[in-house]
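In what follows, every chain begins at residue 1, and chains take the letters A, B, ... in the order their sequences are listed.
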Protein chains: 6
Amino acid sequence: MKNIAVFPGSFDPVTRGHESIIRRALLLFDKIIIAVGDNPEKRAYFPFEKRMHWLDQLFGKEKKIEVRKYSGLTVDFCKAVNANFILRGLRTSADFEFERTIGQVNKVLDNRIETIFLLTVPEYTALSSSVVREIIINGGDPGKFVPDCIDLGGKK
Amino acid sequence: MKNIAVFPGSFDPVTRGHESIIRRALLLFDKIIIAVGDNPEKRAYFPFEKRMHWLDQLFGKEKKIEVRKYSGLTVDFCKAVNANFILRGLRTSADFEFERTIGQVNKVLDNRIETIFLLTVPEYTALSSSVVREIIINGGDPGKFVPDCIDLGGKK
Amino acid sequence: MKNIAVFPGSFDPVTRGHESIIRRALLLFDKIIIAVGDNPEKRAYFPFEKRMHWLDQLFGKEKKIEVRKYSGLTVDFCKAVNANFILRGLRTSADFEFERTIGQVNKVLDNRIETIFLLTVPEYTALSSSVVREIIINGGDPGKFVPDCIDLGGKK
Amino acid sequence: MKNIAVFPGSFDPVTRGHESIIRRALLLFDKIIIAVGDNPEKRAYFPFEKRMHWLDQLFGKEKKIEVRKYSGLTVDFCKAVNANFILRGLRTSADFEFERTIGQVNKVLDNRIETIFLLTVPEYTALSSSVVREIIINGGDPGKFVPDCIDLGGKK
Amino acid sequence: MKNIAVFPGSFDPVTRGHESIIRRALLLFDKIIIAVGDNPEKRAYFPFEKRMHWLDQLFGKEKKIEVRKYSGLTVDFCKAVNANFILRGLRTSADFEFERTIGQVNKVLDNRIETIFLLTVPEYTALSSSVVREIIINGGDPGKFVPDCIDLGGKK
Amino acid sequence: MKNIAVFPGSFDPVTRGHESIIRRALLLFDKIIIAVGDNPEKRAYFPFEKRMHWLDQLFGKEKKIEVRKYSGLTVDFCKAVNANFILRGLRTSADFEFERTIGQVNKVLDNRIETIFLLTVPEYTALSSSVVREIIINGGDPGKFVPDCIDLGGKK
């Protein structure tokens with residue numbers, strides 16, 4: 001049996017924090033599927049295609065990583081792609097309280113799927129996609145927070 | 001003097017967590033008034049009538065429980081129904097920080113009304129109405145989170 | 001059936017925070033038993049007799065309050081005195097995490113006993129018996145933190 | 001070199017909590033610039049002019065305080081007004097987690113600007129502009145939470 | 001390369017919480033080494049041999065699990081046994097803050113070793129070895145908190 | 001009037017975290033007095049003279065910094081040295097809860113003394129004197145956590 005993990009998110013946009021979690025978890029799984037939420041009700045700042053494109057650029061050469069679109073419940077997506085793990089990063093205790101809720105609910109919905117957590121590295125503790133968006137919206141340069149290969153366009 | 005408690009919420013929808021808190025608190029009060037918020041500015045997912053109906057179904061035979069509509073400040077509603085206690089459940093420390101703020105503000109607004117807290121039982125720690133709604137919106141089955149007598153319709 | 005609550009602690013010494021919780025909870029119970037821990041392994045700063053004496057002074061005229069010595073598990077003491085509730089105050093989210101653990105363990109040990117929480121009033125949030133002891137040990141005056149009728153002796 | 005601090009916020013409306021932090025920090029700085037956010041995307045409850053007016057009324061006679069409009073990144077505003085410090089109040093650990101994120105991001109964006117925190121006094125721990133707005137929206141009187149000189153109009 | 005995880009602790013005594021974390025993590029690693037701290041400065045309640053014996057009883061038939069004595073830094077033990085992962089369970093946000101500190105320090109001491117976290121199942125959130133010891137010390141029965149095969153002797 | 005801050009601690013030993021807070025706060029005060037606790041009841045790991053010596057080495061050339069021995073209540077020491085501020089660093093929300101208690105108690109004991117907080121830089125979030133001691137006790141090298149000029153002797 002292969003260990004397949006889903007790393008779900010909206011990646012709006014992908015950050016160095018995401019990148020760090022995924023690369024450090026690679027050793028642990030046979031495959032990591034980056035599941036990019038495409039949810040009509042939760043409008044993203046960057047278009048879906050752009051968010052997918054950046055992830056492809058970043059991880060395209062990594063054979064154990066796959067980038068996929070998803071909608072609906074994460075546990076349903078896991079079943080559909082035969083994943084038995086969900087991968088998440090933890091930055092703060094606020095994060096933890098939120099992730100524990102999600103993790104416990106997922107366990108009730110499907111007891112076979114386990115959520116695995118890694119710690120964000122300290123220098124990315126403050127970093128999130130919403131921080132990057134706030135900086136852009138307020139006319140700042142979020143360059144230190146996104147992977148080098150990502151071109152946020154006129155917005156970077 | 002009778003001890004009357006108000007258990008305020010939007011119950012959108014009522015969960016097993018709500019039910020557990022109310023049933024366990026029954027011994028403590030002469031009457032518990034479940035106050036169902038009907039707030040035009042905060043749009044609920046389920047219509048007000050449905051939310052009331054489910055609570056009536058669940059607690060209709062319990063003589064010490066009354067289900068009432070309310071709007072405005074909780075302390076004003078308490079005064080109107082002669083309640084001297086507000087009843088709340090605590091799940092997480094995020095909950096606690098939120099409830100402490102509300103409880104302290106209520107105490108400034110009306111010093112005679114005391115907020116009483118019970119702990120959520122561990123298996124319902126992750127459970128909230130918003131979790132139930134998220135599951136429904138994403139096409140899942142929230143059946144394990146709502147009381148058996150509740151029929152969420154095509155949505156369950 | 002009467003509602004009897006146990007308020008357990010070491011009261012080393014009793015503080016204005018303790019007093020506030022007990023007085024505000026009086027309306028809720030037919031009797032509150034203040035259970036003063038006498039634990040040979042956990043050495044108290046003030047002798048047991050003194051801690052009992054201060055509580056007697058403070059609440060002696062209150063017919064619904066009883067001051068009792070206890071050791072062993074709190075749930076066993078509750079059974080021995082026919083109490084169906086444990087009363088506790090909550091100050092901070094650190095408090096909450098600690099109390100949730102105790103409350104859930106007690107519920108596993110005896111499912112019939114419910115823990116009831118009240119919020120500490122804001123001006124006593126920082127107040128605890130250990131704060132009072134630290135002030136005394138360092139030569140300060142803890143007078144603002146203990147009830148007026150308490151005479152900490154040369155130490156106050 | 002002078003020590004200039006920016007105290008940023010939306011002050012929607014100014015509260016006794018804000019007032020307490022600013023007055024207690026006065027000794028520490030040569031000048032405190034109250035920076036009132038005017039952000040078209042984040043609609044305020046009270047109009048910008050009113051929020052400015054209340055702050056002018058409250059601090060108009062204080063020579064070390066200046067009230068200014070701002071938009072964009074806080075660190076950019078700091079640079080524009082030669083401020084080397086950002087001043088913030090801390091109420092709860094939820095506050096702390098939020099402020100730490102902002103503070104660390106600001107430090108990445110401009111390493112020369114330091115964020116300085118003061119504790120909210122206990123009786124204002126539960127107090128925030130959003131609490132004041134909630135009370136107003138629900139028909140209550142927030143008078144105890146705003147400075148005496150502030151006239152919330154028919155809304156107070 | 002094989003994925004070997006160290007699960008360090010004092011297991012004083014092993015609880016159902018420990019057991020749950022280890023069994024659920026088995027799928028993720030080629031080997032899990034349960035590292036039982038034997039630290040002369042931190043006196044354990046149960047003798048080292050007993051703590052080892054209970055773990056052997058519990059996991060003796062599981063080929064992927066090894067029970068080992070350790071002292072010194074966890075990262076040094078990891079190097080000695082060729083482990084590239086440390087496995088830990090998370091119950092509460094207090095846990096998280098503590099574990100994040102340890103995890104980040106370990107990463108500074110040896111950047112190649114990654115800490116992996118699983119969530120404790122909700123019904124064991126309140127459970128820890130120190131809770132079990134407290135129950136025993138106070139004359140209670142901790143049977144619901146320890147694995148069935150564990151015989152705490154006259155103490156259970 | 002001069003702004004004098006006391007930075008109290010046991011500095012057992014001084015860490016890069018301490019150093020960072022003190023250097024970043026220098027601009028804010030006319031003088032910072034590093035108050036090294038010498039408390040017979042709380043036995044330190046390193047002797048008092050050594051802890052003082054390291055601080056002298058580290059800050060000896062800095063005219064605005066003074067290193068002093070203290071015992072008793074921090075507010076009493078502040079009065080004795082004419083300090084009107086206490087300086088503290090904040091790393092985690094557990095830190096915050098602890099510091100808020102101390103800060104509020106100090107404010108009750110002497111209302112004129114204000115506690116000022118700075119954020120620890122992210123890479124030192126996990127760092128504390130007790131972490132350094134744990135590493136030493138377990139035979140590790142804490143060199144990355146203490147200032148370069150500090151010679152922990154055979155212990156480093």
**Item:** Option that, when pairs with chain A are counted at under 4.5 Å, heavy atom only, ranks first among Arg88(E), Arg91(E), Lys107(E), Glu99(E)
**Value:** Arg91(E)

**Prompt:** Who among Ile116(E), Val121(E), Asn84(E), Thr120(E) has the most heavy-atom pairs with chain A under 4.5 Å?
**Reply:** Ile116(E)

**Prompt:** Given that the side chain runs from C-beta out, which part of Arg112(E) has a heavy atom under 4.5 Å from chain A: side chain, backbone, both or neither?
**Reply:** neither

**Region of Asp95(E) in contact with chain A, defined by heavy-atom distances below 4.5 Å** = neither

Check the angle between the aromatic planes of [X] and [Y] and answer parallel, tilted or perpendicular using the 30° and 60° thresholds.
{"X": "Trp54(E)", "Y": "Phe46(E)", "value": "perpendicular"}
{"X": "Phe29(E)", "Y": "Phe85(E)", "value": "tilted"}
{"X": "His18(E)", "Y": "Phe7(E)", "value": "perpendicular"}

**Request:** Mind running salt bridge (Lys or Arg N to Asp or Glu O under 4.0 Å) on Asp148(A) and Arg16(A) for me, showing each step along the way?
**Result:** CA-CA 9 Å; Asp148(A) 286 335; Arg16(A) 293 191 180 188; 2.9 Å; yes

